[in-house]
Amino acid sequence: MSWVSLLLTAWSSRAPSLLLVVMVSRDVGLRVGLEGVQTSMCSRWGSRVEEFNQGQDGDVVIGGLFNLHYLPPVLDQEFIKPPFYNPCTGLQAEMLKAAYAMEFAVEEINRNPLILPGVKLNYRILDFCARHPWVLQGAFSLIGGERESCNSTATLPQSHVSGPSSDMKGGLSVPVIIGGASSTTAMILSRTLASLSVPVISHLASCPCLSNRQQFPNFFRTIPSDVYQAKTMARLAILFNWTWIGAVMEENDYGRLAIQAFQEEIEGSGVCLAFSEPLNKETIQEGAKRAATTIQHSTARVILIFCWYTDVRELFLQLANRNVTDRQFLASEAWSTSRDLLQNVAILNVASGVLGVAIRSAEIPGFKGFLHGLKPSNRPDDFFLREFWEKEFGCSLSMTPSNPQSMSDGSTTNISTASHASRSPLAATLSLCTGRETLEGVQNSFTDTTSLRAEYNAYLAVYAAAHALHSLLSCPDKESSPGDNSTTCSSPYNIIQKELLEHLNKVNFTTPNGEEFFFQGADIPAAYDLVNWKTTPDGSLKLVLIGRVDGLELHLNKTSIEWTTGSSQVPISICSESCPPGTRRANRKGEPVCCFDCIPCSDGEVSNETGSHQCRQCPIEFWPNPAQTVCIPRKVDFLSFNETMGIVLTTGAVSGVVVTTAVFVIFLCYHNTPVVRANNSELSFLLLLSLKLCFLCALVFIGRPSVWSCRLQQAAFGISFVLCVSCLQVKTIVVLAAFRSARPGGGGLMKWFGPGQQRGSVCLFTSIQVIICTIWLSLSPPIPHRDLGFKGSKVNLECTMSSVVGFAVVLGYIGFLACLCLLLAFLARKLPDNFNEAKFITFSMLIFCAVWVAFVPAYISSPGKYSVAVEIFAILASSYGLLLCIFAPKCFIILLRPERNTKKHLMGR
């Protein structure tokens with residue numbers, strides 16, 4: 001066994017091992033190295049890479065690796081002999097059409113005198129049947145120029161030839177490969193062929209990882225990266241307010257990186273993934289059941305799927321068995337246009353309303369006629385067309401190598417089709433084709449050329465390769481021809497792949513459809529179709545174009561979308577209902593940010609948006625409305641005459657004035673009676689007048705505060721009460737002086753307390769308060785003030801004390817007089833007299849002092865207008881206390897006990 005075979009014995013279908021083999025093979029000769037690799041691979045994996053129909057020999061051959069079958073063969077592994085694979089089954093019509101698009105592009109370029117003039121292109125296409133080892137086998141077969149794959153007896157041609165040879169047993173080495181129907185396949189090809197600098201152009205590999213030029217320097221693609229697809233899906237989710245989305249992904253780089261790109265795009269947008277279920281092709285049945293169960297029990301109503309269409313079919317079948325038909329699916333380009341799913345009756349209820357991102361569709365002029373002109377009789381080596389033909393028309397084209405059979409149209413063929421006949425078990429039971437079958441009137445996915453997607457990508461890949469070759473083979477001297485093997489221009493028979501890579505990186509041309517084409521690294525600018533699966537009147541599903549994506553610009557016709565519910569109403573997929581205005585979101589501990597509770601805004605805060613994360617503080621002069629959705633100006637609040645408390649206090653004050661006036665009238669009517677004349681009737685009338693002023697001053701505190709009302713309040717209060725207490729003070733002094741003068745040696749005492757002195761004393765005491773108030777109100781008077789410190793919907797408008805000292809002096813002076821009066825009255829309470837006022841004054845002063853002592857803490861602790869109410873209550877309480885204690889007994893005698901209103905009774909003991 002050769003050194004190459006020994007290396008491959010330990011190989012387990014991993015590209016790095018092959019890369020080592022290829023790198024070593026360069027040192028001992030590319031020809032021998034590739035032959036050794038090919039021989040070892042064939043002995044290990046068997047001869048299963050089958051060749052597509054090939055055109056005539058050309059100057060440059062473009063290689064193609066397509067996954068033309070979707071059902072990989074079953075591995076017969078007994079571990080007692082080399083593994084054996086059964087033939088592949090499940091011909092994919094769309095992949096076959098992509099291969100024909102590559103052939104059509106080659107023929108179209110050969111007819112175009114402006115591209116590669118004097119150089120003829122050819123193609124060589126292999127089917128690797130979704131097996132990774134086979135794609136490597138096919139790749140080495142292409143770059144080695146071997147015609148018969150895994151034929152150890154075949155003589156491989158020279159790796160470098162100086163010109164075309166008609167007697168070559170092999171074929172030309174391909175300078176570029178178009179293939180990689182999946183991202184995994186493309187990664188294997190790129191990593192394996194990177195050391196040889198062989199360019200790989202994929203028409204379907206969309207994994208974002210392939211954009212890394214350091215890891216994949218020789219990779220190009222004509223399909224946008226999944227980063228743009230994931231961003232488009234994220235923008236759709238944000239557009240339709242889907243904040244709670246489930247995801248099902250292929251368990252490979254295609255699925256994982258697409259979901260990663262989706263999560264990066266939705267970060268910070270309020271969209272969350274409810275779950276992420278992986279699917280593996282090897283365990284698709286179990287994976288589909290698990291994913292279907294997760295979808296069934298999840299609250300997410302929108303499901304994002306990044307999978308191949310065969311895996312989606314298994315998932316939809318499981319969902320159909322569970323009768324889960326109310327989910328909205330977001331489809332990736334891998335299955336959004338699958339006719340296999342659209343035509344599957346078993347999943348109609350599940351798949352209706354699918355919204356998907358699809359490869360940008362386009363038309364290829366002339367391609368329809370090319371497809372309609374395909375016939376097995378004209379392409380005897382095209383085994384795949386043969387297989388498709390038998391399946392489409394239900395007839396057999398089987399022939400034996402020893403006995404060629406003529407077809408009804410007179411053409412003959414002698415094709416060895418043993419392996420291909422075995423792929424069609426029904427071929428033996430079918431009647432022979434008549435030869436008059438044609439694709440002219442056939443309507444299916446193969447003949448439909450109105451929306452070419454993967455086919456157009458393969459078509460563009462050929463044009464990109466051709467323009468790179470054109471740039472490489474163009475001579476600096478225009479008089480030289482590309483066919484000349486001169487030192488000034490490259491030869492089509494000796495193409496250096498590294499130089500071809502450089503030209504591919506710079507390629508820029510206009511397609512036959514008039515679109516500009518160029519590579520941005522490995523990628524092309526993002527362009528997608530947005531499609532919708534709609535239900536037709538006959539109950540089937542059809543694919544409808546509803547929008548396009550150009551770069552990051554989304555063009556979508558929302559009104560034309562049919563959702564899974566069958567209506568035009570956008571489905572709702574949320575974990576928590578959006579918080580209404582007036583509330584904010586509070587994340588639940590340990591759950592995604594999309595799952596939250598709604599809590600009302602705090603006092604003084606509003607939120608006027610649905611789903612607000614934070615409430616906004618209102619400005620100082622504003623307050624939230626009851627719904628806490630908008631800040632409104634705070635109402636000015638003060639003790640008014642219209643509110644209940646104002647009415648009660650006003651009633652109390654007016655009643656006090658009325659009662660005082662009534663007492664005054666009574667005393668005026670009975671002014672000559674002993675009860676009225678006792679203890680100086682003049683002071684009694686003055687006391688009644690001061691009490692009336694006290695009651696009236698309470699009314700000044702009610703109403704909207706103004707500059708003058710604030711000044712009048714405290715002045716009226718202070719002067720009225722000093723006048724009142726002064727009268728009581730003088731009365732008490734008069735009582736004491738009268739009894740002291742009755743004692744021996746005290747006869748001259750009363751002359752100092754005659755009527756004039758009494759009036760003078762009252763005026764003196766009152767004048768002191770007047771002076772205090774004048775100074776206070778002149779220097780620092782109370783002013784109206786909006787109290788914004790109190791949080792609430794109202795702003796307290798009150799008279800604020802600019803100088804607390806002035807107010808304290810006013811109250812202190814009243815308190816001093818009251819205490820002095822209380823002390824004197826207490827001393828005179830037991831003097832012998834039937835109508836000694838001292839004891840009534842004592843009791844009234846006790847009430848007065850108790851009220852104003854309690855007033856101080858109550859006033860300080862009461863907010864806003866309630867402090868005003870406390871002061872009014874203290875005024876009324878103390879005024880009523882004085883009125884009742886001093887004058888109620890006298891009125892009782894005057895009105896109800898007139899017999900006691902005599903001098904004899906008053907003087908009696």
Side-chain angles (χ1 to χ4, degrees), residues 46-55 64-74 85-104 123-131 134-135 138 148-149 179 181 309-310 338-340 343 370-401 404-405 407-409 411-440 442-448 454-455 458:
S47 177
R48 291 299 169 192
V49 177
E50 300 181 275
E51 189 161 351
F52 187 79
N53 179 58
Q54 180 171 319
L65 287 170
F66 288 84
N67 180 19
L68 300 180
H69 291 88
Y70 65 84
L71 292 179
V74 179
Y85 283 93
N86 294 318
C88 297
T89 57
L91 182 67
Q92 298 189 97
E94 293 185 1
M95 292 296 102
L96 181 61
K97 188 162 63 170
Y100 283 124
M102 176 177 172
E103 177 186 343
F104 177 79
Y123 59 90
R124 186 172 175 218
I125 302 174
L126 301 179
D127 173 32
F128 62 91
C129 199
R131 280 290 174 182
W134 292 0
V135 74
E148 299 180 14
S149 179
Y309 78 92
T310 53
S338 171
R339 290 181 178 270
D340 181 81
Q343 297 171 359
F370 174 82
L371 291 179
H372 287 172
L374 294 175
K375 279 194 175 184
S377 58
N378 300 333
R379 308 168 67 91
D381 295 331
D382 194 341
F383 303 123
F384 299 101
L385 179 60
R386 182 187 188 88
E387 182 181 350
F388 171 78
W389 203 271
E390 289 180 346
K391 180 180 178 182
E392 179 64 31
F393 294 105
C395 61
S396 174
L397 294 170
S398 298
M399 301 176 187
T400 61
Q405 294 185 6
M407 300 182 72
S408 299
D409 59 356
S411 61
T412 62
T413 180
N414 56 354
I415 304 171
S416 177
T417 59
S419 64
H420 292 273
S422 63
R423 187 182 291 142
S424 304
L426 297 177
T429 62
L430 299 175
S431 59
L432 291 177
C433 296
T434 64
R436 292 188 295 272
E437 294 84 4
T438 178
L439 294 175
E440 288 284 348
V442 175
Q443 298 293 333
N444 57 22
S445 60
F446 183 79
T447 59
D448 183 12
E455 302 86 348

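Note that these values count all heavy atoms, side chains included, but never hydrogens, waters or copies made by symmetry. In this text the structure is predicted, and so the values were computed from the model without any measurement. Residue numbers count from 1 along this sequence.
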Please list, chain by chain and in numerical order, all residues satisfying side chain to side chain donor-acceptor pair (under 3.5 Å) with [X], sequence neighbours excluded.
X	answer
Thr310	none
Glu437	Thr434
Asp340	Arg313
Gln343	none

Whether Lys97 side chain and Ser445 backbone form a donor-acceptor pair below 3.5 Å: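 At least one qualifying donor-acceptor pair exists.
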Donor-acceptor contact below 3.5 Å, side chain Asp127 vs main chain Leu68: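 Side chain of Asp127 to backbone of Leu68: a pair is present.
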Non-neighbouring partners of Glu440 that pass side chain to side chain contact (heavy atoms under 4.5 Å, CB included), sequence neighbours left out: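 Applying side chain to side chain contact (heavy atoms under 4.5 Å, CB included) to Glu440 gives His372, Thr438.
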With sequence neighbours excluded, residues passing side chain to side chain contact (heavy atoms under 4.5 Å, CB included) with Asp448: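 Partners of Asp448 under the side chain to side chain contact (heavy atoms under 4.5 Å, CB included) test: Arg339, Thr450.
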[atom1]-[atom2] distance between [X] and [Y], expressed to the nearest 0.5 angstrom:
X	Y	atom1	atom2	result
Phe384	Ile125	CZ	CD1	9.5 Å
Glu392	Asn444	CD	CG	4.5 Å
Leu374	Phe388	CG	CZ	9.0 Å
Phe128	Asn67	CZ	CG	4.5 Å
Trp389	Asp382	CH2	CG	11.0 Å
His69	Gln92	NE2	CD	9.0 Å

Can you name the closest pair of heavy atoms from [X] and [Y] and give their distance?
X	Y	value
Met95	Ala454	CE-CB, 4.3 Å
Tyr100	Phe370	O-CE2, 3.7 Å
Tyr309	Ser338	CD1-OG, 3.3 Å
Leu439	Leu371	CD1-O, 3.3 Å
Leu385	Arg379	CD2-CD, 3.7 Å

Salt bridge present between Glu103 and Arg124 (N-O < 4.0 angstrom):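 Looking at Arg124 together with Glu103, the answer is no, because their closest N to O distance does not fall below 4.0 Å.
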Note, Glu390 side chain near Cys395 side chain (heavy atom, < 4.5 Å):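 They are not in side-chain contact.
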Note, Met102 side chain near Phe66 side chain (heavy atom, < 4.5 Å):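 With C-beta onward as the side chain, the pair touches.
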